[in-house]
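Structure incoming, see below.
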Amino acid sequence: MELQLALDLVNIPEAKQLIKEVAPYIDIVEIGTPVVINEGLRAVKEIKAEFPSLKVLADLKIMDAGGYEVMKASEAGADIITVLGVSDDSTIRGAVEEARKQNKKIMVDMINVKDIAARAVEIDNLGVDYICVHSGYDHQAEGKNSFQDLATIKRVVKQAKTAIAGGIKLQTLPEVIHAQPDLVIVGGGITGVEDKPAVAAQMHQLIRQR
Ligand SMILES: O=C([C@H](O)CO)[C@H](O)[C@H](O)COP(=O)(O)O
């Protein structure tokens with residue numbers, strides 16, 4: 001099981017500072033969608049250049065032009081790129097094809113997918129690397145989480161790795177770990193606390209115990 005730090009509400013210098021503080025405890029750093037909107041793929045490029053040993057995920061949430069957008073994120077240095085599960089199969093296929101050429105990985109974000117089980121089976125058959133259940137900020141504000149959806153994808157996905165994101169905190173991490181995803185994604189649960197290295201270290205330890 002791996003830990004991904006999601007950086008969403010920061011600029012590039014703040015992102016670099018945060019990564020320095022918690023780098024020993026994380027496996028992947030996510031350049032979040034708001035960061036890419038604010039700073040462009042330059043954020044991915046600069047973070048990869050400064051932290052070459054960390055895997056960098058570009059959370060582009062691609063919805064169309066899968067091949068082209070994966071190519072641009074790959075050129076910037078991303079190791080993993082996200083595509084939305086609600087996109088057309090052709091978009092996901094294009095993303096996977098380009099990722100294979102570039103030796104990169106594709107994560108499909110299942111945010112807003114209605115029938116998680118059926119769509120996860122279809123997406124798994126498209127050869128993606130990760131399938132991630134996700135309660136985004138707007139769903140979190142309505143009190144939702146993705147714990148049940150994680151159990152669903154764990155049951156039906158045969159080939160891809162499984163991941164979960166959305167409002168995971170130190171207190172809820174044990175419940176997530178119990179369901180055994182391959183990857184746990186945490187944003188505010190680390191970036192929003194006072195002692196970030198301490199919380200990241202505790203999360204790392206809990207994840208490594210399993
Ligand atoms: O993908 C995300 C969200 O849609 C904003 O871009 C977050 O990175 C993801 O939800 C993880 O962050 P937290 O929910 O703060 O843990």
Side-chain angles (χ1 to χ4, degrees), residues 1-12 14-15 18-19 21-22 25-41 43-44 47 54-63 69 73 78-87 95 105-113 116 123 128-150 153 161-177 179 181-204 206-207:
M1 200 180 297
E2 291 191 310
L3 178 60
Q4 175 172 314
L5 170 70
L7 296 174
D8 286 294
L9 306 175
V10 290
N11 58 29
I12 296 176
E14 288 163 348
L18 260 160
I19 299 167
E21 290 178 42
V22 304
Y25 312 116
I26 61 171
D27 303 287
I28 303 172
V29 61
E30 168 186 332
I31 308 305
T33 319
V35 177
V36 177
I37 287 170
N38 292 333
E39 310 266 12
L41 283 171
V44 172
I47 299 297
L54 273 181
K55 283 181 263 183
V56 174
L57 177 141
D59 191 16
L60 301 193
K61 294 190 174 76
I62 294 171
M63 181 69 182
E69 294 185 4
D79 301 289
I80 309 170
I81 301 112
T82 61
V83 180
L84 292 179
V86 292
S87 325
K105 295 200 183 309
I106 295 299
M107 176 184 290
V108 169
D109 184 334
M110 301 294 277
I111 190 168
N112 292 339
V113 168
I116 294 274
I123 289 169
V128 308
D129 301 285
Y130 295 87
I131 296 180
C132 178
V133 290
H134 182 198
S135 294
Y137 287 0
D138 298 338
H139 281 167
Q140 289 176 45
E142 294 169 353
K144 295 181 184 158
N145 67 46
S146 294
F147 298 169
Q148 196 50 50
D149 290 340
L150 175 59
I153 61 165
K161 291 184 172 175
T162 57
I164 178 166
I168 299 166
K169 309 277 185 260
L170 188 55
Q171 297 81 345
T172 50
L173 185 59
E175 186 181 347
V176 170
I177 291 173
D182 296 295
L183 176 65
V184 180
I185 301 170
V186 181
I190 293 174
T191 60
V193 300
E194 191 73 35
D195 193 344
K196 298 168 193 30
V199 169
Q202 286 178 69
M203 287 187 162
H204 172 84
L206 284 170
I207 282 173

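Counting starts at 1 for both ligands and their atoms, in listed order. This one's a predicted model, so the numbers in the text were calculated from it and none came from an experiment.
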Contact summary for L150 and A163, nearest pair of heavy atoms: CD1-O, 4.4 Å
So what's ligand 1 close to, N/O to N/O, under 3.5 Å?
| unit_1 | atom_1 | unit_2 | atom_2 | d |
| --- | --- | --- | --- | --- |
| ligand 1 | 1 (O) | D59 | OD2 | 3.2 |
| ligand 1 | 1 (O) | K61 | NZ | 3.1 |
| ligand 1 | 4 (O) | K61 | NZ | 3.0 |
| ligand 1 | 6 (O) | D8 | OD1 | 3.0 |
| ligand 1 | 6 (O) | K61 | NZ | 3.4 |
| ligand 1 | 8 (O) | D8 | OD1 | 3.4 |
| ligand 1 | 8 (O) | D8 | OD2 | 2.7 |
| ligand 1 | 8 (O) | E30 | OE2 | 3.0 |
| ligand 1 | 10 (O) | H134 | NE2 | 2.8 |
| ligand 1 | 14 (O) | Q140 | NE2 | 2.8 |
| ligand 1 | 14 (O) | G167 | N | 2.8 |
| ligand 1 | 15 (O) | G188 | N | 2.8 |
| ligand 1 | 16 (O) | G167 | N | 3.4 |
| ligand 1 | 16 (O) | G187 | N | 2.9 |

Salt-bridge present (K161, E2; N to O < 4.0 Å): no
Residue pair L7 / V35: nearest heavy atoms and the distance that separates them: O-CG2, 3.3 Å
Nearest atoms (heavy-atom pairs only) where D129 meets I106: OD2-N, 2.7 Å
Smallest separation among heavy atoms of D109 and I111, with atom names: OD1-N, 2.8 Å
Less than 3.5 Å apart, which donor and acceptor atoms pair up between the side chains of residues 186-202 and the rest of the protein, not counting sequence neighbours?
| unit_1 | atom_1 | unit_2 | atom_2 | d |
| --- | --- | --- | --- | --- |
| T191 | OG1 | G187 | O | 3.2 |
| D195 | OD1 | A198 | N | 3.3 |
| K196 | NZ | V193 | O | 2.8 |

